[in-house]
Amino acid sequence: MESAVLVLLLALPVLLFLAGRSGVRYRWTDDALVVQAGLRRARFPYAATHARLTAQPLGARLWGTQAPGTVTGRFALDRGAVHALATTARPAQALLLRRAGQLYYVTPDHPADHLHRFLPEHAE
């Protein structure tokens with residue numbers, strides 16, 4: 001019994017730290033979109049990232065997390081898969097970002113207002 005209490009006491013600071021970092025947050029800098037998803041941080045430089053808008057919701061979760069404000073991991077999209085760093089799986093609009101051969105699905109507020117920051121999407 002004492003060991004269970006000790007484990008809980010030791011785990012409490014870690015749990016509080018992680019709870020404070022829950023959700024997905026977007027920050028627009030002068031040269032990149034920075035996405036913070038829990039302990040993970042992804043950077044999408046405007047000059048090296050291609051973007052397009054989509055109204056398509058995410059499909060089935062292949063692996064990852066889906067909780068209020070946090071949708072991360074691999075999800076089905078079209079006939080393939082996408083890495084989600086999103087706040088919701090069913091937004092009105094999302095940005096599909098292609099960087100270094102990887103496709104990401106992000107849901108910042110007003111994605112259409114930020115599309116101009118990225119290079120135009122090339123034909124796939």
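No hydrogens, no waters, no symmetry mates; every other heavy atom, side chains included, goes into these values.
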Open item on the list: Treating R90 as the side-chain partner and L58 as the backbone partner, does any N or O pair qualify as donor plus acceptor under 3.5 Å?
Closed with: yes

Open item on the list: Can you tell me which residue among V24, V35, T72, L85 is in a side-chain contact (heavy atoms from CB on, under 4.5 Å) with R40?
Closed with: L85

- [ ] Measure from the ring center of F44 to the ring center of Y104 and say whether it is less than 6.0 Å.
- [x] yes

Open item on the list: So R41 and V34, do their side chains get closer than 4.5 Å, heavy atoms only?
Closed with: yes

Task: Considering all heavy atoms, the nearest V82-L96 contact - done: CG2-CD2, 4.2 Å

Open item on the list: Under a 3.5 Å threshold, yes or no: a donor from one side chain and an acceptor from the other, between Y26 and T87?
Closed with: no

TODO: Please round to the nearest 0.5 Å and tell me the distance separating atom CZ of R74 and atom NE2 of H83.
DONE: 7.5 Å

Task: Atom pair CG (L53) and CD (Q93), whose distance is rounded to the nearest 0.5 Å - done: 4.5 Å

Task: Distance-minimising heavy-atom pair for R117 and T29 - done: NH1-O, 3.8 Å

Open item on the list: Treating Q66 as the side-chain partner and T70 as the backbone partner, does any N or O pair qualify as donor plus acceptor under 3.5 Å?
Closed with: no

Task: Interatomic spacing from CZ in R52 to CZ in R98 - rounded to 0.5 Å - done: 8.0 Å

Task: Heavy-atom pair of closest approach, residues A84 and F75 - done: CB-CD1, 3.7 Å

- [ ] Provide the closest heavy-atom pair for A51 versus L97 in the form atom of the first, atom of the second, distance.
- [x] CB-CD2, 3.5 Å

- [ ] Apply salt bridge (Lys or Arg N to Asp or Glu O under 4.0 Å) to the pair D31 and R43, showing each step before the final yes or no.
- [x] CA-CA 10 Å; D31 64 342; R43 190 170 184 280; 2.7 Å; yes

- [ ] Over all heavy atoms of both residues, which pair between L62 and A81 is shortest? Give the atoms and the distance, please.
- [x] CD1-CB, 3.7 Å

TODO: Could you tell me whether the side chain of D78 reaches within less than 4.5 Å of the side chain of Q56, counting heavy atoms only?
DONE: yes

- [ ] Please work out whether the ring planes of W28 and H114 are parallel, tilted or perpendicular, with thresholds of 30° and 60°.
- [x] parallel

- [ ] Would you indicate whether H116, at its atom NE2, is surrounded by more than 12 heavy atoms from other residues, nucleotides or ligands within a distance under 6.0 Å?
- [x] yes

- [ ] Work out which heavy atom in L95 is nearest to a heavy atom in P108; give both atom names and the distance.
- [x] CD1-CG, 4.1 Å

